[in-house]
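Read through the structure below, which is laid out as C-alpha cells, and then see the notes.
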Amino acid sequence: CFGVAFDVGTTTIAAYLYRLSDGARLGIRSALNPQAKYGADVITRINHTMTQDQRGLADMRESLLSALNRLLADFSARNGVPPNEIAAVFLVGNTTMLHFFMGLPAAGIAVSPFVPVTTGLCVLPAADSGLRMAPDGVAVCLPGLSGYVGPDTLAAALACGFGGSGKVNLLVDLGTNGEIVLGGRERLFACSTAAGPAFEGASIHSGVGGVEGAVDSVEIGADGALRLTTIGGAAAVGLCGSGLVDAIAQLLAFGLIDETGRLESADEARARGLPAALCERLIPLEDGKDGKDGGGKSGGRAFLLQKKGAAHAAHMDIMITQRDVRELQSAKAAIAAGIRTLLKTAGIAAGDVHRVYLAGGFGSYVRVSSATAIGLIPPEFSGRVVAAGNAAGAGAVEAMLSARAIRELLRLKGKMRYLELSSSPAFTEAYVDCMAFE
C-alpha cells in the first residue's frame, strides 16, 4: 500500500508519494493553491468564509480538495498507483490551511487572541476526508502550536533535527507567513510574522512562482552588463523570489537603491558615472504602470531586467518597480525583526546560534550573500546557513513513515513556547529599524 504526504502552503501545495512497506519515494508533484482566487493571504481567505456564511467555508474546502484530489489522480496516472491502494495521507500546512481542509471555521485565527479550533493531531476516516483514497484509509493532520505557528513549522523543526541536538539552532521558513523557531532539544521559542507573498513572486510587477523560465539569479558586471539565469534554462517569463532578492542586492551594491529603498533615476546614475548599459535600464513609468503607487508624473520608475522581444511576445517586460522594492523591504523587515525579537526573548546572542536553516521553496534557492546584503538575515550568521528545502514536507514524510517521529513531534510541541509578535513592542521597534537597507 501507499501513502501521500501533502505540504499545503498558502501559495503552493507539494505532494510526496511513498510506498509504505519499505519507505521508497515514488514521486513528487506540486500545484498552485487554487484558494488564491479568494485572496493571496490567510486573512483575506478567512474574511471570505466570514462574509459568505457557510458557503464561504465550503468554497475554501472544496477548492483545496479539488487540488489535492488532482494531485492524487496525477500520482495514480503517472505512477500506476490505484486510489484504493493509497492507505494514508498525512498533511501539514499553516493552521488556517488545515482548518479549511477539515471544514473547521477559522474566524478565531483572524482576530486577537488568535485562537484556532484545534492545534492537535487529527485523524479523519477516508470517508470524512473528502480525498479519493482507500475507503479504509486515514487522513492525518499533524499537530501545530498556535494560530500562526502551524503543523508545517513543527514538521520542519522535526526534519531539521531540533529534537536531537543540545545546540542552539534557528529555523526560518520563508513564505507568505514567515515562521521562525529558535532553540535546542529542551527549550524552544517560535513566532510567526506576516512577510506577505513577495518572496514567492506574488504582489511583484513581473513576479512569478518558482516555475520554469522564472529568473532565479541576477548578476551585474562591472561594465553594467546583466547576467540572468532562469529555472530550467528556459526563456524568461518573470521574476521569482530568489531572483528578486538577487537583483535588489545588486542594485544596492551599485548604489541604484539607497538605504531608504528609493530607486535612482537614469540621470542620477549617469551623473555618478555609472556604465551606460546600466543607466539605460532605469526607466520612468507611465501613470498606473507601477501598481498601486502609480508612476510617470508621480515619480514612478523601474529597473528593466529584460525587454519583451519577438520570442517573448506573450509576456510583459520583466522589471523591478519602485513598489516592488517597497514590497521586499516590508517582507525582509518582518523576517529580520522576528529573528531579532526571538533572540532577545530567549536571551541568546546571534553569535551563539550553531546553525541557521532556511526552509521553504524560496529559502532553498535564495543566495545567502544576497539575503545578507538586503538585511534579511543578520551578517553574524554568515557561514552557518543551510538550505533546508521543503523541511515541512520532509517532516510530514517522516511522520508518515515512523510512529517514533510522531512521538518526537508531540514532544517538540510540548517544549515550544509561542511568542505573539503583534503585541510585542520589541518587534514593532525592530521592524521599523529593519525597514532600511544597511
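As the structure is a computational prediction, the values presented were derived from the model and not from experiment.
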* Asked: Between atom CZ of Arg407 and atom CG of Leu412, what is the distance when rounded to the nearest 0.5 Å?
  -> 13.5 Å
* Residue pair Arg411, Glu186: steps toward the salt bridge (charged side-chain N to carboxylate O under 4.0 Å, His left out) verdict -> CA-CA 9 Å; Arg411 192 193 71 81; Glu186 298 300 330; 3.7 Å; yes
* Hey, what do you get for CZ (Phe199) to CG (Leu174), rounding to the nearest 0.5 Å? -> 5.5 Å
* To do: Could you tell me whether the side chain of Gln35 and the main chain of Met60 form a donor-acceptor pair under 3.5 Å?
  => yes
* Arg29, CZ atom: more than 12 neighbouring heavy atoms under 6.0 Å -> yes
* Do side-chain atoms of Asp324 reach the backbone of His205 as a donor and acceptor pair under 3.5 angstrom? -> yes
* Please say whether more than 12 non-hydrogen atoms of neighbouring residues, nucleotides or ligands are located less than 6.0 Å from CD in Glu429. => no
* To the nearest 0.5 Å, how far apart are CZ in Arg301 and CG in Leu256? -> 11.0 Å
* Asked: What's the verdict on side chain to side chain donor-acceptor pair (under 3.5 Å) for Asn390 and Tyr16, showing C-alpha distance, side-chain angles and the deciding distance?
  -> CA-CA 11 Å; Asn390 185 1; Tyr16 305 86; 2.7 Å; yes
* Asked: Is it true that a side-chain atom of Lys413 and a backbone atom of Thr119 form a donor plus acceptor pair closer than 3.5 Å?
  -> yes
* To do: Report the C-alpha distance between Val181 and Met416 in whole Å, list the side-chain angles of each, state the deciding distance to 0.1 Å, and finish with yes or no for side chain to side chain contact (heavy atoms under 4.5 Å, CB included).
  => CA-CA 9 Å; Val181 178; Met416 196 175 291; 4.1 Å; yes
* Would you check if Arg132 and Asn84 make a side-chain contact, meaning some heavy-atom pair closer than 4.5 Å? => no
* Asked: How far apart are the C-alpha atoms of Phe303 and Ile257, what are their side-chain angles, what is the distance that settles it, and do they pass the side chain to side chain contact (heavy atoms under 4.5 Å, CB included) test?
  -> CA-CA 10 Å; Phe303 182 82; Ile257 295 175; over 6 Å; no
* To do: Evaluate whether atom OH of Tyr365 has more than 12 neighbouring non-hydrogen atoms of other residues, nucleotides or ligands under 6.0 angstrom away.
  => no
* Structure fact -> Closest heavy-atom pair, Ala334 versus Ala194, reported as atoms and distance to 0.1 Å, is CB-O, 3.9 Å
* Side-chain donor or acceptor of Ser402 paired with backbone N/O of Glu398 under 3.5 Å -> no
* Do Gln329 side-chain atoms and Thr260 backbone N/O form a donor-acceptor pair below 3.5 Å? -> yes
* **Heavy-atom closest pair, residues Val4 and Ala15** => CG1-CB, 4.5 Å
* To do: Would you kindly say whether Ser217 and Asp246 are connected by a side-chain donor-acceptor distance under 3.5 Å?
  => no
* Structure fact -> OG (Ser382) and CD1 (Ile377) are apart, to the nearest 0.5 Å, by 8.0 Å
* Asked: Do Ser63 and Lys37 meet the criterion of a side-chain donor-acceptor pair at a distance under 3.5 Å?
  -> no
* Between the side chains of Ser192 and Tyr418, is a donor N or O closer than 3.5 angstrom to an acceptor N or O? -> no
* Structure fact -> The reported gap from CD1 in Ile374 to CD1 in Ile335 (rounded to nearest 0.5 angstrom) is 10.5 Å
* Asked: With distance as the sole criterion, is a donor-acceptor pair present between the side chains of Asn47 and Thr44 under 3.5 Å?
  -> no
* Asked: CZ of Phe162 to NZ of Lys167: how many Å apart, nearest 0.5 Å?
  -> 13.5 Å
* Angle class for the Phe114/Tyr148 ring planes (parallel below 30°, perpendicular above 60°, tilted otherwise)? -> perpendicular
* To do: Apply the test side chain to side chain contact (heavy atoms under 4.5 Å, CB included) to residues Leu239 and Val208: give CA-CA distance (whole Å), side-chain angles for both, the deciding distance (0.1 Å), then the verdict.
  => CA-CA 6 Å; Leu239 188 66; Val208 293; 5.8 Å; no
* Check for a donor-acceptor pair, side chain of Arg61 on one end and backbone N or O of Phe101 on the other, with a separation under 3.5 Å. => yes
* **N/O donor-acceptor pair under 3.5 Å between Arg45 side chain and Thr10 backbone** => yes
* Asked: Are Pro151 and Leu91 close enough that some pair of their side-chain heavy atoms sits under 4.5 Å apart?
  -> no
* Asked: Checking Gln322 side chain against Gly261 main chain: does a donor-acceptor pair fall under 3.5 Å?
  -> yes
* Check: Met319 main-chain N/O paired with Ser206 side-chain donor or acceptor under 3.5 Å -> yes
* Asked: Are any of the side-chain nitrogens in Asp59 or Arg55 under 4.0 Å away from the carboxylate oxygens of its partner?
  -> yes
* Asked: Quick check: are there more than 12 heavy atoms from other residues, nucleotides or ligands sitting under 6.0 Å from CZ of Arg417?
  -> no
* Any donor-acceptor N or O pair under 3.5 Å, side chains Asn94, Asp152 -> no
* **Test: Glu327 and Arg323 ion pair at under 4.0 Å** => yes
* Is the backbone N or O of Gly9 less than 3.5 Å from a side-chain atom of Asn33, with the two atoms forming a donor-acceptor pair by type? -> yes
